[in-house]
Protein chains: 2
Amino acid sequence: MAVKKNLTIYDIAKEAGVSPATVSRVLTGNARVSKLKKERIEAIIKKYDFKPNALARGLSETKSNVIGMIVADIRNPFYATVFLECEKEASRYGYTLMVCNTLGDPDLENIYLEKMYEQRVDAIINVGGRVDDLVSNTDFVDHVNRIANVIPVIITGKLDGSDCYRVNIDQMQAMEVVMDYIISLGHKDIALIGGRDNVQSTVDKRSRYKQLLKRYGINVRNEYIVEGKRYDDDSGYECMQKLFALEQLPTAIIAINDFTAAGAMRALTERGISVPEEISIVSFDNTFIAEVTSPKLTSVSYNYEKFGEKIVHAALSAIRGEDVPRIQLIQSELVIRGSCAKLNKVD
Amino acid sequence: MAVKKNLTIYDIAKEAGVSPATVSRVLTGNARVSKLKKERIEAIIKKYDFKPNALARGLSETKSNVIGMIVADIRNPFYATVFLECEKEASRYGYTLMVCNTLGDPDLENIYLEKMYEQRVDAIINVGGRVDDLVSNTDFVDHVNRIANVIPVIITGKLDGSDCYRVNIDQMQAMEVVMDYIISLGHKDIALIGGRDNVQSTVDKRSRYKQLLKRYGINVRNEYIVEGKRYDDDSGYECMQKLFALEQLPTAIIAINDFTAAGAMRALTERGISVPEEISIVSFDNTFIAEVTSPKLTSVSYNYEKFGEKIVHAALSAIRGEDVPRIQLIQSELVIRGSCAKLNKVD
DNA sequence: AATATCTTTGAAACCGATTTCTTGGGAAAG
DNA sequence: CTTTCCCAAGAAATCGGTTTCAAAGATATT
């Protein structure tokens with residue numbers, strides 16, 4: 001009835017009058033056991049609510065059924081959503097997730113990598129952090145590779161020279177979705193705010209932004225590309241101050257993520273500029289922040305479900321030793337809410 | 001130099017010309033080893049970047065150095081913050097966290113509880129979910145107790161009749177902080193929106209709200225207490241519609257959490273009612289949602305750092321078999337931002 | 001120099017599962 | 001009725017650590 005302390009297959013075996021090996025066979029289903037004994041053993045397992053010790057099993061099978069996940073900051077809804085989707089998928093295959101937050105500390109990233117290895121996780125998923133950095137740190141790459149050599153490592157960034165599997169958001173396509181939409185609304189004066197120069201995803205977005213403007217025959221104005229210090233709302237607010245200092249305000253703003261957009265909206269509200277009537281805003285990530293602003297934000301969704309699926313499937317296939325594509329891309333789509341409007345001014 | 005596959009203490013021992021026992025002694029530091037051998041062994045460990053197999057160690061020590069955490073939804077910034085603070089504290093003591101999301105599914109809660117036990121985590125932290133429910137489900141309590149009997153379980157809710165350790169937010173005090181503030185600004189017509197009837201924390205807040213109104217000699221108006229279906233922004237929006245239907249709008253609104261407040265603000269913005277000039281809003285949780293609205297939200301902060309500390313310390317003490325208080329309370333303080341103003345209307 | 005005490009270290013048991021190897025019994029084949 | 005084959009199930013090895021126990025060596029005591 002009650003879980004007793006330290007019940008083992010030996011106890012079960014004794015009570016069933018069989019050997020521990022037979023109990024193990026019932027547990028794993030890896031070998032045939034006579035119906036009679038099988039039922040007797042199962043009844044006893046149920047009676048005591050016996051659960052085999054995963055440590056012992058892991059030691060014996062040299063496999064823990066745990067996947068490690070290293071994220072920059074789980075409070076960031078982007079990471080939280082990716083994590084959740086990974087968990088959903090992983091649990092379908094009997095895996096549990098172990099999580100560590102690096103909080104942007106490169107040393108912690110190394111330490112947690114070691115820790116995951118020590119825990120003998122079956123795979124490591126690394127989302128955000130240094131794997132996103134453009135400046136490829138050779139030491140870090142070496143360190144990751146030493147581990148990727150033993151345990152499959154899946155990253156969502158780039159990390160040149162690493163032996164990791166990559167599942168990446170197709171930033172080019174994501175930006176295209178945004179630009180097509182905003183331009184279809186008649187906008188030509190479009191700013192791109194937020195993001196740092198040394199982050200791969202930001203650099204990709206910027207380059208596609210310029211490329212698409214050209215394709216549409218619109219002049220690229222460098223003062224409309226505003227760098228942000230971080231990826232939070234205050235950075236968005238600061239970016240807007242820079243735009244306010246210009247002679248001509250853009251009619252549409254693309255924010256690097258929802259946080260940045262929210263900060264931008266706050267700056268606009270303070271100035272009495274209304275969204276979307278006077279200025280339109282789109283952003284990336286489609287986190288719940290996009291639901292929480294007034295008006296709600298139109299934002300690019302990365303299809304998190306598929307993102308999580310691909311990440312976990314890459315991990316599982318790699319664990320099984322199957323061939324896994326080194327790079328996979330995720331396509332995005334726009335979720336239209338209330339922050340964009342048709343341009344009706346005529347200049 | 002490189003992590004080699006499946007290096008064990010036996011390999012280290014062989015290369016150092018000692019027995020595995022001696023290597024183990026160096027690793028654990030639990031026994032004296034001569035300086036000469038110690039240094040030789042340490043050099044070899046470093047050379048190969050050897051990390052002992054945590055599964056084997058765990059099996060041997062019957063202790064995994066892993067703490068399991070069950071939350072309702074890690075995307076909710078409240079849970080994410082609690083988790084992060086727990087992780088910070090736990091990692092100081094060499095513990096790693098394993099996380100599962102129940103997404104409000106009671107069956108999953110049971111399954112994950114079992115899974116954690118199977119993984120032989122050293123303690124389980126359960127935040128949100130059924131441990132917060134007022135309707136005490138005897139089956140669930142039994143199930144939790146069966147596990148709490150073997151592994152310490154720490155919950156942030158109530159769960160009558162359970163053998164768990166409780167670390168709770170002092171909802172009474174939290175509400176008092178809010179009410180004192182809002183009343184000091186001159187408000188008398190104060191609504192309390194959001195939250196469900198069967199959630200402990202909500203019920204506590206409501207009862208304190210009424211109590212405090214009486215203490216200040218203000219009439220309790222039942223139409224100012226609006227229940228929300230969920231704890232999200234849309235619920236906040238719906239609550240506001242109910243208030244709009246009343247003859248007299250309140251001058252201040254207390255929202256059950258930041259999400260609800262954000263939804264309420266959206267409803268107000270749509271109606272052209274300005275915050276805080278025409279109506280003030282306060283809320284609970286002080287998540288980053290409070291930073292992301294325009295204006296930023298004044299919100300009650302639960303001192304998450306201390307919250308995480310107390311939870312983890314309770315877990316660690318219980319693991320060590322020390323005496324742990326069955327209930328501990330967390331005190332809150334108000335973080336004042338821009339969503340409240342003095343009442344200057346005279347009726 | 002002989003005895004007592006303290007350190008250091010290895011051998012072996014143990015943690016709790018899985019799995020290989022082996023054997024005994026029953027069914028099928030000759 | 002014997003021989004062959006298959007299947008169920010136990011004994012024992014294994015996974016990789018920690019720890020107890022005992023022995024050997026070094027140091028201190030008389």
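The figures that follow rest on heavy atoms only: side chains count, while hydrogens, waters and symmetry mates do not. Labels below follow one simple rule: chain letters A, B, ... track the order of the sequence lines, proteins then strands, and each chain is numbered from 1.
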When rounded to whole Å, the CG to P distance for the pair L55(B) and dG16(C) reads 14 Å

Using a cut-off of less than 4.0 Å, is there contact between a side-chain N or O of N30(A) and OP1 or OP2 of dT18(C)? no

Is any side-chain N or O of S34(A) closer than 4.0 Å to OP1 or OP2 of dA9(D)? yes

Whole angstrom is fine here: how far is it from CG in D11(A) over to P in dC15(C)? 11 Å

Mapping L59(B) and K37(B) onto DNA chain C by nearest heavy atom, which one lands closer to the 5' end? K37(B)

So what does V33(A) touch, heavy atoms closer than 4.0 Å: a base, only the sugar-phosphate, or nothing? sugar-phosphate

Under the side chain to side chain contact (heavy atoms under 4.5 Å, CB included) test against E109(A), which residue among N126(A), V144(A), L103(A) passes? N126(A)

DNA chain C: E61(B) or K35(B), which has the more 5' nearest nucleotide? K35(B)

Please give, in whole Å, the distance from dA17(C) C1' to K51(A) NZ? 16 Å

From dA17(C), dG17(D), dG10(C), pick the nucleotide closest to the side chain of F50(B)? dG17(D)

Could you tell me whether the phosphate oxygens of dC15(D), OP1 or OP2, come under 4.0 Å of any side-chain nitrogen or oxygen in N53(B)? no

Nearest whole Å is fine: how far is dT19(D) P from L27(B) CG? 11 Å

The side chain of T22(B) lies closest to which of these nucleotides: dT18(C), dT9(C), dG10(D)? dT9(C)

I'd like to know if the side chain of D49(A) and the backbone of K46(A) have a donor-acceptor N/O pair within less than 3.5 Å. no

Whole-Å gap separating C1' (dT20(C)) and CZ (R25(A)): 9 Å

Sidechain-backbone polar pair: S24(A) side chain, P20(A) backbone, donor-acceptor under 3.5 Å: no

Whole-Å gap separating C1' (dG17(D)) and OH (Y117(A)): 14 Å

Rounded to the Å, how far apart are R32(B) CZ and dT5(C) P? 20 Å

Closest to side chain of S24(A), choosing from dT20(C), dT8(C), dT18(C): dT18(C)

Assuming nearest nucleotide by heavy-atom distance, tell me which of R120(A) and A21(A) is located more 5' along DNA chain D. A21(A)

Nearest 0.5 Å, what's the CD1-OH distance between I67(B) and Y93(B)? 11.0 Å

Atom-to-atom span, NZ of K38(B) to C1' of dT7(C) - whole angstrom: 15 Å

Candidate nucleotides dT18(C), dT8(C), dG10(D), ranked by approach to the side chain of S60(A) - the nearest: dT18(C)

Residues T102(A) and L108(A): closest non-hydrogen pair is O-CD1, 3.6 Å

